[in-house]
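Sequence lines set the chain letters: A, B, ... in the order given, protein chains first and strands last, and positions in each chain run from 1.
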Protein chains: 2
Amino acid sequence: MTKAASGRGGPSSPPTPPRVRLVDVAREAGLSKTTVSAALNGTGRLSPAVREKARETARRMGYRPNATARQLRAGRARLIGYVVGEFAGAPWAFLESPYFAQLTSATAAAALKRGYALVLLPAGELHGEWADLPLDAVIVADPVADDRIVEDLLAARIPVFTDRSVEGRPGAHWVDVDAAAAVRETLDHLKAQGARRSALVLPDSTTRFHVGVLAAYREWSAAQELPEQVVLAAAAGNGPVVRAVEDALTGADRPDALLVVAEVSPPLVLEAARRHGYDVPDDLLLVCVSEDTTAVHTQPPVTTLSLGPREVAEAGIELLVAALEEGHAGPAGVLVPTRLQVRASSLRTS
Amino acid sequence: MTKAASGRGGPSSPPTPPRVRLVDVAREAGLSKTTVSAALNGTGRLSPAVREKARETARRMGYRPNATARQLRAGRARLIGYVVGEFAGAPWAFLESPYFAQLTSATAAAALKRGYALVLLPAGELHGEWADLPLDAVIVADPVADDRIVEDLLAARIPVFTDRSVEGRPGAHWVDVDAAAAVRETLDHLKAQGARRSALVLPDSTTRFHVGVLAAYREWSAAQELPEQVVLAAAAGNGPVVRAVEDALTGADRPDALLVVAEVSPPLVLEAARRHGYDVPDDLLLVCVSEDTTAVHTQPPVTTLSLGPREVAEAGIELLVAALEEGHAGPAGVLVPTRLQVRASSLRTS
DNA sequence: TTGAAAGCGCTAACAG
DNA sequence: CTGTTAGCGCTTTCAA
């Protein structure tokens, strides 16, 4: 009694009064824990009078259930970890890319809609942060080849959700875009507009997507018997990518079309082209893989290949939640289509 | 025995084997829960031999402590909620703004460094998501005047961390930038470069920052006896802000300097100025409040006023963690300085 | 219709 | 130096 009355605080009574617990409400209302719990959760068969009394008392006392205790009972925390693998060097830079910004926010929204919250985690070195977190699963967006995170997670028996590279592994689910189809569609479009020397700019990355893009480009060029010209950007970010674009533009073979598969500000690419004496679209057809909304507002507007981060997120979370709640009844993965948004920058004016 | 042996799964044994618990390790190692717990946590005084045996057994069995049970014991979940209030209409758009992208990632990084994980929450309608989450505190970035979220959180006795508008409220902590000082510094700079008609473009928002900027601009203009010209953007986003910039540029009074206090792509502003016959910086000095890295890569590079999201995050998390762990010993709030990055767009060429 | 009691998995008093 | 025991706050059989 005295112990309870003296509070559960440590030394020197803390400024925060002890939280109201279920048992406090029960005592106050002259009911048992069970009854109050049932009343609040709408379960069990209680008389309306009792139910109302319990609810009223809880409200009056400002009772809020302890989420941790509920989780322990339920066996799940409804928490999903979220890591972007691509930026292992700068573990937090990813949010500055419109693609990942949209992917992240759409993922969080889709998860929350189904009652799961997203926890932001860093890529790269600090593996093991997740050890102290009650994560029901972890999403690894665009893992790079040398990142052990997927292995570690799988070894720890935490369900992993990532790209198609994990296909077939137990406990692993995936969602991916069809990089090859997207590249083919784009190059076909450029060819139809008259391009004969389409150059490709992409970052020097081991992401499944970038590897797939490069392979598809080479394949397409070979099949069409058209020359291939690839310039690798040393790193992500506007600076290095713009430099790579300039390299492509000033190379021995003056390209007549440019496909930029790296997050870069479209207006900056346009400006770079102008600086080097190209008129877009007359001298150069331009397509950027980008979710950047500035593409619509440039002069001319820039054609973009959208990877549909919102669709990826929605499809992915749906699959993940199904797997989590029904013991992977459905398929382990799903492919989401890309969208080529044709605008003036890749339309022949003739 | 039989009960334990038959597993704790529901109907039709699930594909996932039951997780290894502390008690399983203890039994296997022929020790007690306590001993294994102490061995794993490095607490207590155990013989090296026993400690090693416990650790080895745990490793061999793939034991991972149940984070939820630990949280329940500890009384804290080391989880911090994160909401951006400004985009109540589009609860997830904020990540697409470089400022919030950096603020968010820096906050997550700073929190994680101190052992706290960040949970992404949506602004606007869906209040109450946090009810089922064991949040130790919630960060509300840039709340808008009509958003009840801060009130709700405080009423639920969840520590809130936000901007200075909550100063003095118990349980509320804040970090803020000195909007007035920043505006004065910028306008002084423009005046020193010869500007006499500095126009201001900012979104029609009730954020403390935007309200403060407008007030400071008016005050400065009055004090300097210079004309004031303010154009409000109807909404956030590149489209509406560029339109507002164009309005400012084509207004009755042709401005000789422009201060854009809204997230907008700097190259787009530059292009808009050119479209309307301005040469930057000869006819128009330009300063954008922006964290967008494209500002460095334009022709000319654009002067930016950086709100220092990384510093805001770092200072904020430090304060918050101190408050959480020491019963708010330190101050309730802190002011972080802004940084004017002067580049060619606001430098008189004469 | 309501209540007592068990137990989720862990840590920390307190005995031995 | 090690083990037994009592909870953290909740939900849920099961018995009254």
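Nearest to the side-chain atoms of Ala69(A) among the listed nucleotides dC10(D), dG3(C), dC10(C) stands dC10(D). Side chain of Leu72(B), nearest nucleotide from dT11(C), dT11(D), dG9(D): dG9(D). Side-chain atoms of Arg70(A) lie closest to dT11(D) of the nucleotides dC10(C), dT11(D), dG9(D).
With salt bridges taken as basic N to acidic carboxylate O contacts below 4.0 Å, one links Glu28(B) and Arg60(B). The pair Asp132(A)-Arg78(B) does not meet the salt-bridge criterion, since no charged nitrogen lies less than 4.0 angstrom from a carboxylate oxygen. Between Arg169(A) and Glu151(A) there is a salt bridge, with a side-chain nitrogen of the basic residue lying less than 4.0 Å from a carboxylate oxygen of the acidic one. A salt bridge links Arg164(A) with Glu167(A): at least one charged nitrogen is closer than 4.0 Å to a carboxylate oxygen. For the pair Glu318(B) and Lys113(B), the salt-bridge criterion is not met [side-chain N within less than 4.0 Å of a carboxylate O].
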Which pairs, protein N/O on one side and nucleotides 13-16 of chain C N/O on the other, fall under 3.5 Å?
none

Short N/O separations, protein against nucleotides 14-16 of chain D, under 3.5 angstrom:
none

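Between Ser37(B) and dC10(C) there is no side-chain polar atom (N or O) within less than 4.0 angstrom of OP1 or OP2. Residue Arg21(B) places no side-chain N or O under 4.0 Å from the OP1 or OP2 atom of dC10(C). Residue Ser47(B) places no side-chain N or O under 4.0 Å from the OP1 or OP2 atom of dC1(D).
Between the CZ atom of Arg78(B) and the P atom of dC8(D) there is a distance of 21 Å, rounded to whole Å. At whole-Å resolution of the value, NZ in Lys53(B) and P in dC1(D) are 18 Å apart. Going from atom CZ of Arg27(B) over to atom P of dT2(D) covers 20 Å, rounded to whole Å. Atom-to-atom, CZ of Arg73(B) to C1' of dC8(C) comes out at 14 Å; the value is rounded to the nearest Å. The nearest whole Å value for the distance from the CZ atom in Arg51(A) to the C1' atom in dT1(C) is 11 Å. A straight line from NZ of Lys33(A) to C1' of dC8(D) spans 11 Å, rounded to a whole angstrom. Nucleotide dG9(D) holds its C1' atom 15 Å from the CG atom of Asp132(B), rounded to whole Å. Atom-to-atom, CD of Gln71(A) to P of dG9(C) comes out at 14 Å; the value is rounded to the nearest Å.
Interface residues of residues 55-66 of chain A facing DNA chain C, ordered by number: none; criterion, heavy-atom separation under 4.0 Å.
If you run side chain to side chain donor-acceptor pair (under 3.5 Å) between Arg208(B) and each of Asp142(B), Asp163(B), Asp176(B), only Asp176(B) comes through.
When atom types are taken as modelled, the side chain of Asp136(B) and the backbone of Arg76(B) share no donor-acceptor pair closer than 3.5 angstrom. Between the side chain of Ser105(A) and the backbone N or O of Ala101(A) there is at least one donor-acceptor pair closer than 3.5 Å. With Thr162(A) contributing its side chain and Val140(A) its backbone, the two residues share a donor-acceptor pair below 3.5 Å.
Inter-residue side-chain proximity for Leu135(B) and Leu121(B) is flagged as met; some heavy-atom pair is nearer than 4.5 Å.
We find the CZ-OG1 distance between Phe161(B) and Thr107(B) to be 9.0 Å, quoted to the nearest 0.5 Å.
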| task | Report the C-alpha separation of Ser37(A) and Thr34(A) in whole Å, then their side-chain angles, then the decisive distance to 0.1 Å, and conclude whether the side-chain hydrogen bond (donor to acceptor under 3.5 Å, both in side chains) test is met. | result | CA-CA 5 Å; Ser37(A) 173; Thr34(A) 315; over 6 Å; no

